[in-house]
Amino acid sequence: MNAPAHAERSLPHNLEAERAILGAVLVSPRALDTVADVLPERSFFRKEHQRIYAAMLAMSRRGEAIDHVTLHDELARTGALDDVGGPAYVSGLSDGVPQATNVKYYAKIVARTAVKRSLIFLSARLQELAYEDELDTAELVDTTERGLLEISQEAVTGDLRSADRLVAEIYPVVEALHEQRRAVTGVSTGLSTLDNYTRGLQKGNLILLGGRPGMGKSTLGLQLSLDIARHVPVAFFSVEMSSQEQVFRVLAALGKVDGHLLQCGRLGESDLQRVGQAMTTFSERQFWLDDSGSLSAMQIRSRARRLKARHGLGLIVVDYLQLLTHPKGDSREERVASTGRLLKQIARELDVPLIALSQLARKSEDRGADRRPQLSDLRESGALEQDADVVLLIHRAPEKHEGVVTDVPPVELIIAKQRNGATTSIDLRWMSEQYRFAEVEYRQ
């Protein structure tokens with residue numbers, strides 16, 4: 001967005017830095033490679049600078065040399081020369097450039113002021129919308145979230161790193177792993193077989209836990225959260241169930257009592273004692289629950305940020321993905337995919353694993369005898385399976401496994417995708433009345 005002329009003095013900008021960038025490119029055309037990926041045209045405050053920079057980018061894309069003569073010719077050819085101040089202004093851009101090698105620092109200044117202007121423009125737009133009576137509040141919040149997301153994405157910059165620098169960064173990590181000799185390098189899930197295959201939940205990873213209704217994905221997500229909350233703070237966002245429903249499940253799982261009888265008030269004295277002990281145990285866990293009925297990924301990010309600042313953070317769990325409030329998009333799949341990408345960004349930004357529960361499409365039930373879920377069964381799949389680092393799918397196995405120490409057919413937890421590991425499956429025993437899973441024991 002271009003700045004209005006009357007706001008030139010009030011809006012954040014640094015014309016000296018803008019001129020220094022353009023002049024640096026004229027002095028040393030390679031300087032354009034340094035700034036091209038971090039500065040779009042709109043980062044420049046002055047329209048004239050935007051047009052000059054756009055001409056430089058166009059010439060670079062065509063592989064043409066950039067100097068005073070060629071730039072003058074390009075601007076004249078496109079009819080922009082007079083609009084940018086004429087030949088004299090273009091020729092004077094390189095006058096007084098401190099050092100072309102400092103162009104990346106000039107770019108940081110320009111990028112910083114551009115972000116500030118974007119925030120000012122967004123706030124002004126939101127002010128206008130807030131006064132419109134016919135505008136729905138949810139739509140205003142959605143506009144705010146999308147605007148902030150776009151600005152935050154513009155502010156993220158990176159750079160290529162050399163092999164020797166990468167080795168210098170990874171060496172102490174390899175050395176520490178060798179000294180510790182730990183099988184679990186991430187956050188332990190409490191399920192040893194799952195930890196053996198995944199090395200635990202890794203920081204910055206997006207883990208999708210999918211299943212059809214009634215398969216126990218919410219139960220497993222809550223169980224993992226409770227076990228991990230023994231060691232690190234956990235933020236659990238429950239969009240589907242209220243806090244009371246979730247706590248009843250927690251007490252049934254920790255107390256190993258029948259959850260239905262608990263909610264009906266029909267437990268015996270010994271079971272009630274176990275519930276009391278479960279309350280004490282639960283109150284000591286580093287577990288935070290948000291049961292807001294309507295949540296967006298942006299709200300999850302801000303609340304998780306606050307928790308990390310105050311108490312630390314080791315895991316985020318979202319129950320479940322499709323029920324979140326999604327940004328606007330042309331299709332349902334695009335909206336869910338956008339939320340999935342943002343959840344991945346949250347995991348990386350806060351440096352914690354993030355588990356997002358996800359529904360599976362009904363088509364998995366229409367495959368006849370083979371109803372084992374697949375990656376493509378993720379509802380509104382598309383980009384979800386690409387963005388996820390790990391995908392776990394829950395399946396109620398129809399056959400009985402020989403040697404299982406139980407008459408209850410095991411539930412199969414399929415590791416359908418693992419970016420840094422093997423795909424396989426493990427067996428779990430689902431004790432539905434106690435809202436928990438147990439690992440299956442096999443006779444030797």
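Starting from 1, each residue takes its place in the sequence as its number.
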For Gly221 and Leu209 the tightest heavy-atom approach is N-CD2, 3.9 Å
Correct closest heavy-atom pair for Leu122 and Gly147 would be CD2-C, 3.8 Å
Minimum heavy-atom distance Ala356-Leu343, with the two atoms named: CB-CD1, 4.1 Å
Rounded to the nearest 0.5 Å, what separation is found between the CD1 atom of Ile414 and the CG atom of Leu375? 9.5 Å
Could you go step by step and tell me if Glu269 and Leu272 meet the side chain to side chain contact (heavy atoms under 4.5 Å, CB included) rule? CA-CA 5 Å; Glu269 288 300 319; Leu272 275 177; 4.2 Å; yes
Heavy-atom check, side chain of Asn196 versus side chain of Ile426, under 4.5 Å: no
Kindly check if the number of other-residue, nucleotide or ligand heavy atoms within 6.0 Å of CD (Gln244) is above 12? no
Sequence neighbours excluded, which residues qualify as side-chain hydrogen bond (donor to acceptor under 3.5 Å, both in side chains) partners of Asp387? none
Between the main-chain N or O of Ala416 and the side-chain N or O of Gln418, is there a donor-acceptor pair closer than 3.5 Å? no
Can you check whether Phe45 reaches Asn14 side chain to side chain, under 4.5 Å on heavy atoms? no
Residues in ring-ring contact (aromatic ring centres under 6.0 Å, His included) with His311, at least two apart? Trp288
Sorted by first residue and then second, give each side chain to side chain donor-acceptor pair (under 3.5 Å) pair with at least one member in residues 221-235; sequence neighbours left out. Asp227-Arg230
Hey, does Val317 have a side-chain heavy atom less than 4.5 Å from the side chain of Leu357? yes
Donor-acceptor pair, distance only, cut-off 3.5 Å: does the side chain of Gln246 make one with the backbone of Ser238? no
Just verifying a value: how many Å separate Thr113 OG1 and Ile120 CD1, rounded to the nearest 0.5 Å? 10.0 Å
Can any side-chain N or O of Arg212 pair as donor or acceptor with the backbone N or O of Leu360 at less than 3.5 Å? yes
Any side-chain to backbone donor/acceptor pair from Ser283 onto Met279? Under 3.5 Å, distance only. yes
With Thr219 via side-chain hydrogen bond (donor to acceptor under 3.5 Å, both in side chains) - residues at least two apart: Arg249
Measuring only between side-chain heavy atoms, which start at C-beta, is Leu22 closer than 4.5 Å to Arg19? no
To check you understand the geometry: which heavy-atom pair defines the closest contact between Ala24 and Ala31, and what is its length? O-CB, 4.0 Å
So how far is it from Asp291 CG to Met241 CE, rounded to the nearest 0.5 Å? 11.0 Å
State, with a plain yes or no, whether a side-chain heavy atom of Leu324 is found less than 4.5 Å away from one of Ile300. yes
Just by modelled atom types, is the Leu11 backbone N or O under 3.5 Å from a matching donor or acceptor in the His13 side chain? yes
Val247 and Phe282: CA distance, side-chain angles, deciding distance, side chain to side chain contact (heavy atoms under 4.5 Å, CB included) verdict: CA-CA 9 Å; Val247 173; Phe282 181 45; 4.3 Å; yes
For the atom pair CZ (Arg301) and CG (Leu354), what is the distance rounded to the nearest 0.5 Å? 12.0 Å
Validation row: Lys256, Arg436 side chains within 4.5 angstrom (heavy atoms): yes
If the plane angle is over 60° it's perpendicular, under 30° parallel, otherwise tilted; pick one for His49 and Phe44. perpendicular
Any side-chain to backbone donor/acceptor pair from Arg117 onto Pro12? Under 3.5 Å, distance only. yes
Surrounding CZ of Arg30 (heavy atoms of other residues, nucleotides or ligands, distance under 6.0 Å), is the total greater than 12? no
Not counting sequence neighbours, which residues clear ring-ring contact (aromatic ring centres under 6.0 Å, His included) with Phe248? List them please. none
Of all heavy-atom pairs linking Ile415 and Ala422, the shortest is CG2-O, 3.9 Å
Under the side-chain hydrogen bond (donor to acceptor under 3.5 Å, both in side chains) test, residues paired with Arg285 that sit two or more places apart: none
Just how far is it from atom CG of Leu119 to atom NZ of Lys116, taken to the nearest 0.5 Å? 10.0 Å
Pair Gln299, Ser292: side-chain N/O donor-acceptor within cut-off below 3.5 Å: no
Residues in side chain to side chain contact (heavy atoms under 4.5 Å, CB included) with Asp351, at least two apart? Lys203, Lys308
Closest approach of Pro410 and Asp427, non-hydrogen atoms and distance? CB-CB, 3.9 Å
Going by heavy atoms in the side chains, are Arg112 and Val115 under 4.5 Å from each other? no
Going through the distances and angles, do Glu245 and Gln263 end up as a side chain to side chain contact (heavy atoms under 4.5 Å, CB included)? CA-CA 9 Å; Glu245 289 176 297; Gln263 295 180 64; 5.7 Å; no
Neighbour count >12 (heavy atoms, 6.0 Å) for atom CZ, Arg306: yes
Side chain to side chain contact (heavy atoms under 4.5 Å, CB included) with Leu206: which of Ile316, Ile346, Asp389, Ile355? Asp389
Is any side-chain heavy atom of Ile207 less than 4.5 Å from a side-chain heavy atom of Thr198? no
Under the side chain to side chain contact (heavy atoms under 4.5 Å, CB included) test, residues paired with Glu240 that sit two or more places apart: Ser218, Asp319, Tyr320, Leu323
Only counting residues at least two apart or in another chain, list the ones meeting salt bridge (Lys or Arg N to Asp or Glu O under 4.0 Å) with Arg125. Glu128
Just jot down the side-chain hydrogen bond (donor to acceptor under 3.5 Å, both in side chains) partners of Ser188, sequence neighbours excluded, or say none. Asp195
Sorted by chain and residue number, the ring-ring contact (aromatic ring centres under 6.0 Å, His included) partners of Tyr435 (sequence neighbours excluded) come out as none
With sequence neighbours excluded, tell me which residues meet salt bridge (Lys or Arg N to Asp or Glu O under 4.0 Å) with Arg305. Glu349
Verdict with reasoning, Leu226 to Phe236, per side chain to side chain contact (heavy atoms under 4.5 Å, CB included): CA-CA 10 Å; Leu226 289 173; Phe236 192 101; over 6 Å; no
Please report the interatomic distance CG(Leu428) to CD(Glu439), rounded to the nearest 0.5 Å. 7.0 Å
